[in-house]
Each structure stands twice: as C-alpha cells, then as structure tokens.
2 protein chains.
Amino acid sequence: MHKTLKHEAKADYLLEKGSEILWSRGYNGTSVNDIVKAAGVPKGSFYFYFDSKEDFAVKSLERYFAIMFKPAAEVLHNTDASPKQRLLTFYRFRLEKMKGEHECTMGCMACNLGNEMAEHSEQIRNTIVSIESRIKGEIIKVVEEAQQAGEIRSQLSPNQIVSFIEDAGKGALTTMKETQSPFPLDNYYHFIENVILK
Amino acid sequence: MHKTLKHEAKADYLLEKGSEILWSRGYNGTSVNDIVKAAGVPKGSFYFYFDSKEDFAVKSLERYFAIMFKPAAEVLHNTDASPKQRLLTFYRFRLEKMKGEHECTMGCMACNLGNEMAEHSEQIRNTIVSIESRIKGEIIKVVEEAQQAGEIRSQLSPNQIVSFIEDAGKGALTTMKETQSPFPLDNYYHFIENVILK
DNA sequence: GGTTACTAGATGACTGGTCATATATATTTA
DNA sequence: TAAATATATATGACCAGTCATCTAGTAACC
C-alpha cells in the first residue's frame, strides 16, 4: 500500500502515545486497546497503521533508539574533544538521560523487550540486535582512535571493550530498575572512567 | 491455613513444572492454565496451593535462586583455595551454568522477571532485591578477604566491585539472550579475570 | 457428624485481530 | 468547470478464544 505523509504522521502519533506504555508494561502487559485508548484513536484504526502488535513493537523500538541515541551520537562524534574524552562524555550523557527516566523505575526499553521477547519474536530480536550492533560499531571506531592515540590500553580489542561496556550498562539499568536507585549507573560510570578505559 | 507435608510437596511439584515456563515466557506471557496443564493438575487446584499468580512467581524466584546459587556458594566458601581463586572459580561456575541453559536463549529468570515486573509488583521486586542483596553480601566478604590478602587492589570498595561485577553479569546475560550467543558471558569472565579483579 | 483436602466449572472482563461500512480526499474524465 | 470515479482513512461492532480468580460442591478422613 502507498503510504502518504498523513499516514506516517498518524502512525507516529500512535507510536508517541503508545511507546511509553510498552516500555513500562512490556509486550504482553500492553494491549492494543491500551495503545489506542492512550492515543484517543478507535480500535479499528490501529490495524490500518500497523500490521500487528508485533509490528508496533518493532517500530516502537526503532523510534526509541533514534530518540535515545541521536543526541548522544553527536557527543560521540564531536571532534573538539579527544577520543577518550568523547567516550567518557558520551557515556556520561547517556547515563544521565537514563537516570532521568521516571525515578529510575523504567529501565531500558530495549532491555525490557529483549528480555521478555527475544525468545519468542524473531522480528523483535532482530530489531534489537541489528540496531545495537550498528551503535556498537560507531563506538568501536572511537575506541580504535583512542587506542591509536595511546589514550587507552591496547591489550584488549575495541570490540571486546565496547561489548563489555555496553553489556555492563544493560545490567546496571536492570539493577537500577530493580532497586529504584541511580547507584548502579553511577558505579558503572566510575568503572568505565577508572578501570575499563585505562 | 496449616500446610501439610503433602501439600508442600505438591506445591513444589507445581513450581518445578511451572517455573521453566515462567522463566521462558515471562509473567504476563504465562497463564495459570499453562502452569496447571504442564503439571497435569486440575485448574481449580492452583489456588489451593498458591494465593495468586503473583505468589507463584515469588515462590518460583525463591526456588530459582536456591537452585542456581547453592552449588556456586559451595565453591565460594571452599577454603582450600585463596579468596581470589575462589571468586574466579565461583564466577566461572555460574557462567557455565547459565551458558548451558537452552542454547543461551533463556537468560536469567530474575533479570527477566525483574525487568518485566519490578515496576508493577512490589512483591516480585522485593523478592529479587532482597535475595540478590544477600548473595552480594556473601561475595563481598570474599572480596574483602582477597583485598586483605593483597590479591586484588584496594582502591575500590568491595561493595563497588561486587555491585559492578554482578550488574555486568546481568547485562551479559541479557545480550547473550538477545544474540543467542555465549560470547557476552565469555567476554564478561575475561574482564573479571584480567581487568576487574586485579 | 464434622472437618479438612481438593476440584469442576463458571464468571465476566479482556485478548489480538477482522470486517462491513462510512466518509473524506484525490484523480480522472467530460 | 462539474461530475464521476477511485483511493485513503475512519469506525465500532464483532469474532473465537483466553485471562485470573472464585464459588459451590464433592471426596476423604477422623
């Protein structure tokens, strides 16, 4: 079907209203009804804008990554600072953003949906894996630069380093959500700065 | 209500049969029907053995931690080895156990349920937080010993170190599940051994 | 008889998804 | 220009099935 601009705008509106519910309540905890009610749109319209609830989740994730990563990416690529400094600012930036989310109670949307659905929806799993790997790629480049500049040690490969930092961040977000406290994220940053990126 | 031995045995049987479903499909993805069907127990009986689905999840988590942590704890307290060696063996042991779970597709039950339900069930959140903090306490003691023995550096507090390692582990399990690969766990151990516990 | 252990079946609200139908907006034709 | 046609969008009633939970009862034992 041909998608008009108007079509896309309303689909975006549904995503805007529904994504936070999905983030908070998870895939199986969110009903299509919840989404359309939040947007004030009749039930029947949902399936005009999305193929299925699964399709809505995929587009929600894409939107989430776009919103969360884009501003942070600018920090990452801002060549006024040295590679290492850019990495630190980048992680600090992301972390503060996550801490701000509803008193540390919501965690990371991708982690939530990944943990819940990776085993049961290839669409959702693929969306998360492919976007995360693209983001990782961008960070890896900066780590390579930092290694070449001698700012951080070179015994570990950039992929190992970035994989570990990214994974540790996911876990910190999980614990943040469980304990409803920013400590895990602050502790995480402390390790990045003082132990990992050395 | 007075609980007989027989009563407890049958409740355990329901937990044994239902926990894996809960682990795999999550809280909202698992129905009471799924659980009783898996155990071959009449539907009406469920509420004779458990107060609610939420109660079942709490007891499932307690069972999960007991099964996963108990054997690992023996490694942790086996005083034949030095504190640092015990820590490394402990983490290696746990990691191999998690890698074995269904080709890396299931992740960690507590992370799954925590991410899904922490915001919506105080019972589930409290269960996870309190058990994890007890486990953390046991590990912290060994880190203290290792620091006193000069086996690992002392600039960081044992609580900081253990918090970070535990959180990083959760994230590694999340990525393991997303990517269906053991790499995140192996990379995690590599960092514990060569970067964190130094 | 009385107490406790257990369970079949029902409850009403809710699930993701479909459908026929209605209207609004473009596009084409005369 | 106006009329005719086609397409895009809107809508809520409606599936068949599932949800967590409860009630009212039977079965078992003392």
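Order of the sequence lines sets the chain letters (A, B, ...), proteins ahead of strands, with each chain counted from 1.
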Exercise for the section: Report the distance from atom CG of A/N33 to atom P of C/dG17, rounded to the nearest whole Å. Expected result: 12 Å
Practice task
Establish whether the base of D/dT21 is bridged to the side chain of B/K43 by a donor-acceptor pair shorter than 3.5 Å.
Solution key: yes
Problem - Salt-bridge present (A/E116, B/K177; N to O < 4.0 Å) - result: no
Problem - Co-membership, hydrophobic cluster, residues A/M68 and A/V142, 4.5 Å side-chain - result: yes
Practice task
Report the relative orientation of the aromatic rings in B/Y91 and B/Y188; use parallel for angles under 30°, tilted for 30 to 60°, perpendicular for over 60°.
Solution key: perpendicular
Handout entry: Rounded interatomic separation in angstrom, taking CZ from B/F48 and C1' from C/dA8
Key = 15 Å
Problem - Distance, rounded to the nearest Å, where B/Y27 contributes OH and D/dA20 contributes P - result: 8 Å
Exercise for the section: Please determine, for the side chain of B/Y49, which listed nucleotide (C/dA8, D/dT21, C/dC6) has the closest atom? Expected result: C/dC6
Exercise for the section: Classify the nucleic acid contact of A/S45 as base, sugar-phosphate or nothing, counting any heavy atom under 4.0 Å across all strands shown. Expected result: base
Completion exercise
Rounded to whole Å, the CZ-C1' distance (B/F46 to D/dC22) equals 14 Å
Practice task
Write down the distance between NZ (B/K10) and P (C/dA5), rounded to a whole number of angstrom.
Solution key: 13 Å
Practice task
Would you check if the distance from the ring center of A/H7 to the ring center of A/F48 is below 6.0 Å?
Solution key: yes
Problem - Protein-nucleotide distance (B/D34, atom CG; D/dT18, atom P), rounded to Å - result: 10 Å
Problem - OP1 or OP2 of C/dT15 under 4.0 Å from side-chain N/O of A/S31 - result: yes
Problem - Whole angstrom value for the distance that separates P of C/dT18 from NZ of A/K53 - result: 14 Å
Exercise for the section: Give a yes/no on whether any side-chain N or O of A/Y47 is located under 4.0 angstrom from OP1 or OP2 of C/dT18. Expected result: no
Exercise for the section: Find the distance B/I21:CD1 to D/dA20:C1' and express it as a whole number of Å. Expected result: 16 Å
